[in-house]
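A short write-up of the structure that comes next.
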Amino acid sequence: MIRARFAPSPTGYLHIGSARTFIFNWLFVRKHEGTMILRIDDTDVDRNTEASLNSIYEGLNWLDLSWDEFYRQSERLDLHRKLAYDLLSRGLAYRDFTPATNEGEDRPHAEGPWLFHPEMRAISTEESDRRSAAGEPFVIRFKVERDPVREVAFTDLVYGPQSKQTADVEDFALLRSNGMPTYHLASCADDIDLKITHVVRGQDHLSNTFKHILLFQAASGLQPKFAHLPLLIAPDGAKLSKRKHGPVVSVTTYRDNGFLPIAYINFLCLLGWSPKNDREQMSLTELTSLFSFEGVNRSNAVVNFSEADPIDPKAMWLNSQHLRTMPIAELAPIVRRSLEDHHMSVPGTEAQFEHVVDLIRARYSTLLDFALKGRAYFADDFHTDQVAKDKLDVPGARELMHVLADRMEANAEFSEASVEADLRKLAEERGVKPGVLINASRAALTGQSVGPSAFAIFPCLGRERVLERLRRV
RNA sequence: GGCGCUAUCGUCUAACGGUUAGGACAGAGCCCUCUCAAGGCUUAAAUAGGGGUUCGAUUCCCCUUAGCGCUACCA
């Protein structure tokens with residue numbers, strides 16, 4: 001039984017890279033009918049914020065992917081501490097009484113890596129206990145095997161065989177002097193306790209994995225499988241940060257720009273993963289069945305945004321693809337909600353609404369377009385743009401609109417075909433090109449010079465609105 | 001500095017060691033057409049550099065270069 005977890009730490013908004021990590025975990029778990037666990041890694045009390053936690057929920061809720069179990073590390077501190085002290089008593093860890101360095105900046109790297117404080121590693125158990133009892137602050141470090149050194153190895157599901165000498169691993173901290181576990185300790189202790197079978201996370205943890213394996217081996221002898229994901233980076237090659245790259249790195253930016261969750265998920269999946277059959281647009285079901293770690297790439301992927309356009313063009317394309325192909329019954333409620341967010345109520349029956357959405361969706365690329373570009377289809381107070389005005393300013397056009405209104409009033413069928421027949425007949429009678437009437441009526445009905453087939457707009461809006469709009473020009 | 005990872009069109013990517021190096025987005029052009037989209041067609045665009053191994057390297061190995069990650073009592 002597969003058990004995987006997504007373990008964000010609430011120190012910022014939900015990052016686009018974190019979202020992808022969550023999605024890959026989710027796809028893997030759902031494909032194998034395993035258990036998806038959401039675990040909040042909140043052991044860094046100084047940096048955790050409630051706002052950040054809310055932002056994570058906000059993003060995950062929008063994605064609309066479920067999880068089966070939920071934990072917060074801050075509620076499991078005893079478990080973490082127990083492991084640290086267990087290792088201490090077994091001689092696999094030791095107290096380090098070296099005072100914390102202020103900023104951590106000034107460590108000289110020129111002479112090679114820092115591995116441990118030799119004098120601290122050498123302290124006897126008795127002295128260690130005595131100084132601890134005397135109230136001297138300390139950090140508990142893992143005692144990495146040094147004599148002899150050995151090779152730590154594992155096979156990553158994405159990156160393949162990995163190995164490192166213990167001589168290159170520093171004595172990492174387990175428990176801070178304030179009694180809080182470090183990430184490494186809390187993460188491994190919980191992975192063991194929660195019986196995690198697969199750790200799927202960002203590649204920035206690839207080299208940390210050796211430490212974790214050391215911990216797993218010391219603590220339980222059991223260890224999960226690992227799958228590391230390539231990182232998402234900015235066009236300038238730097239890692240995505242809010243400070244440097246702005247709101248594009250936040251999941252909610254896409255939501256607020258009118259993205260469909262499935263389109264965003266689809267886009268993220270294509271960053272660093274490929275089904276290898278040229279498929280691009282996929283439903284959640286397809287993504288789930290197609291997903292595998294073999295398809296995951298090993299190099300970092302660039303999210304292609306610019307200052308002028310914060311949205312990756314591929315994401316935009318995917319969004320418009322999903323918009324125009326997803327079942328209309330599925331899309332309609334989403335559009336309705338979006339319109340309501342813009343304070344527009346939708347009159348008419350559900351069937352009429354779906355009809356309108358279906359007519360215009362093919363030329364829209366985001367949900368926002370329905371409320372903005374599509375306003376005339378849902379409200380009577382719409383703006384008429386200049387090019388549309390020009391179409392109505394064609395000599396005779398306005399008067400023809402009034403005549404057309406009379407014809408429409410008499411058109412019993414009021415279907416796309418009958419409207420077209422009437423309109424072409426009128427054009428012929430008056431000796432004008434049909435285009436004049438077509439363009440003018442689109443302008444009158446929607447305030448825009450561009451849009452769907454003019455004939456289709458008539459039945460879509462309904463006779464009442466059509467007559468009113470034709471007559472008021 | 002040490003350790004680790006990575007390197008195909010502008011971007012995302014495909015290619016049992018044998019292909020005219022494929023697809024998609026974005027770009028250019030054409031067709032379709034009542035407009036705008038969509039759709040169809042065409043076009044431009046890549047194997048970081050150098051050595052090996054091999055009859056034959058995008059693919060395997062080494063070096064260089066570049067980028068990224070870790071090197072915190074952050075995660």
Side-chain angles (χ1 to χ4, degrees), chain A residues 7-9 11 41-44 46-47 96 98-101 103-105 107-115 137-141 156 159 162-165 167-170 172-184 186-187 201-211 228 230-231 233 235 237-239 267 270-281 297-305 309 312-318 320-321 324 360-365 373 387-388 391 420 423 433-443 448-455:
Chain A
S9 45
T11 56
D41 281 10
D42 52 353
T43 56
D44 186 356
D46 294 335
R47 296 203 306 151
D96 183 339
T98 311
T101 50
E103 297 302 314
E105 280 297 331
R107 199 192 296 287
H109 285 160
E111 301 296 316
W114 174 86
L115 290 173
F138 60 86
V139 54
I140 295 183
R141 291 187 183 281
D156 190 89
Y159 286 88
Q162 305 290 318
S163 75
K164 194 170 190 168
Q165 296 296 324
D168 293 319
V169 181
E170 74 281 3
F172 54 98
L174 300 174
L175 207 60
R176 294 183 258 237
S177 55
N178 66 1
M180 290 297 283
T182 63
Y183 162 73
H184 303 299
S187 177
R201 74 222 311 189
Q203 193 244 37
D204 47 345
H205 286 300
L206 190 59
S207 27
N208 283 332
T209 305
F210 298 103
K211 294 171 199 161
H228 287 88
L231 266 20
I233 57 175
K239 76 172 180 187
F267 167 64
L270 259 19
L271 252 25
W273 171 78
S274 159
K276 301 194 186 294
N277 59 181
D278 289 343
R279 285 296 307 279
E280 303 256 277
Q281 191 205 157
N297 224 55
R298 279 176 288 273
S299 52
N300 293 346
V302 172
V303 181
N304 198 12
F305 62 85
D309 185 5
D312 189 312
K314 189 96 164 214
M316 192 59 92
W317 174 76
L318 243 11
S320 56
Q321 289 299 310
R324 76 174 113 262
I360 57 183
R361 63 169 169 168
R363 45 202 25 96
Y364 293 167
S365 50
K373 294 185 192 171
V387 185
K391 302 286 185 191
E420 176 165 6
L423 187 146
K433 283 189 282 191
V436 173
L437 281 175
I438 289 168
N439 290 325
S441 54
R442 183 186 293 105
Q448 294 168 337
S449 58
V450 299
S453 157
F455 308 122

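By convention in this document, chain letters (A, B, ...) are assigned in the order of the sequence lines, proteins followed by strands, and residues within each chain are numbered from 1. All figures in this text were calculated on a predicted structure; none of them were measured in a lab.
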Contact class for [X] (heavy atom, under 4.0 Å): base, sugar-phosphate, or nothing?
{"X": "A:H205", "result": "base"}
{"X": "A:N297", "result": "sugar-phosphate"}
{"X": "A:K239", "result": "sugar-phosphate"}

Notebook entry, point to check: Are any of the side-chain heavy atoms of A:T209 and A:Q162 separated by less than 4.5 Å?
Noted result: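 Not touching, per the 4.5 Å side-chain cut-off.
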Margin query: What I'd like to find out is whether the side chain of A:E170 reaches to under 4.5 Å of the side chain of A:K211, using heavy atoms alone.
Written below: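 A side-chain contact under 4.5 Å exists here.
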Can you tell me how far [atom1] in [N] sits from the matching atom in [M], rounded to whole Å?
{"N": "B:rU13", "M": "B:rU19", "atom1": "P", "result": "25 Å"}
{"N": "B:rC31", "M": "B:rA37", "atom1": "P", "result": "15 Å"}
{"N": "B:rA72", "M": "B:rA26", "atom1": "C1'", "result": "42 Å"}
{"N": "B:rG50", "M": "B:rC41", "atom1": "C1'", "result": "42 Å"}
{"N": "B:rC9", "M": "B:rG23", "atom1": "P", "result": "16 Å"}
{"N": "B:rA46", "M": "B:rA14", "atom1": "C1'", "result": "13 Å"}
{"N": "B:rG1", "M": "B:rU58", "atom1": "P", "result": "32 Å"}
{"N": "B:rA48", "M": "B:rC68", "atom1": "C1'", "result": "16 Å"}

Should [N] form a Watson-Crick or G-U wobble pair with both distances under 3.5 Å, which nucleotide is its partner?
{"N": "B:rU43", "value": "B:rG27"}
{"N": "B:rC3", "value": "B:rG69"}
{"N": "B:rU8", "value": "none"}
{"N": "B:rU19", "value": "none"}
{"N": "B:rA37", "value": "none"}

Notebook entry, point to check: Taking OP1 and OP2 of B:rA14, is either one under 4.0 Å from a side-chain nitrogen or oxygen of A:K276?
Noted result: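 Looking at the OP1 and OP2 atoms of B:rA14, one of them is under 4.0 Å from a side-chain N or O of A:K276.
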Checklist line | A:Q162 vs B:rC5: side-chain N/O to OP1/OP2 distance below 4.0 Å | finding: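 Yes.
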N/O donor-acceptor pair under 3.5 Å between [X] side chain and [Y] backbone:
{"X": "A:S320", "Y": "A:Y364", "value": "no"}
{"X": "A:R279", "Y": "A:Q281", "value": "yes"}
{"X": "A:D312", "Y": "A:N304", "value": "yes"}

Notebook entry, point to check: Quick one: does A:T182 reach the base of B:rC73 with a side-chain donor-acceptor pair under 3.5 Å?
Noted result: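 Absent.
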Item checked: Under 3.5 Å donor-acceptor pair, A:N208 side-chain atoms to B:rA75 base atoms ->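 Check passes, donor-acceptor contact within cut-off.
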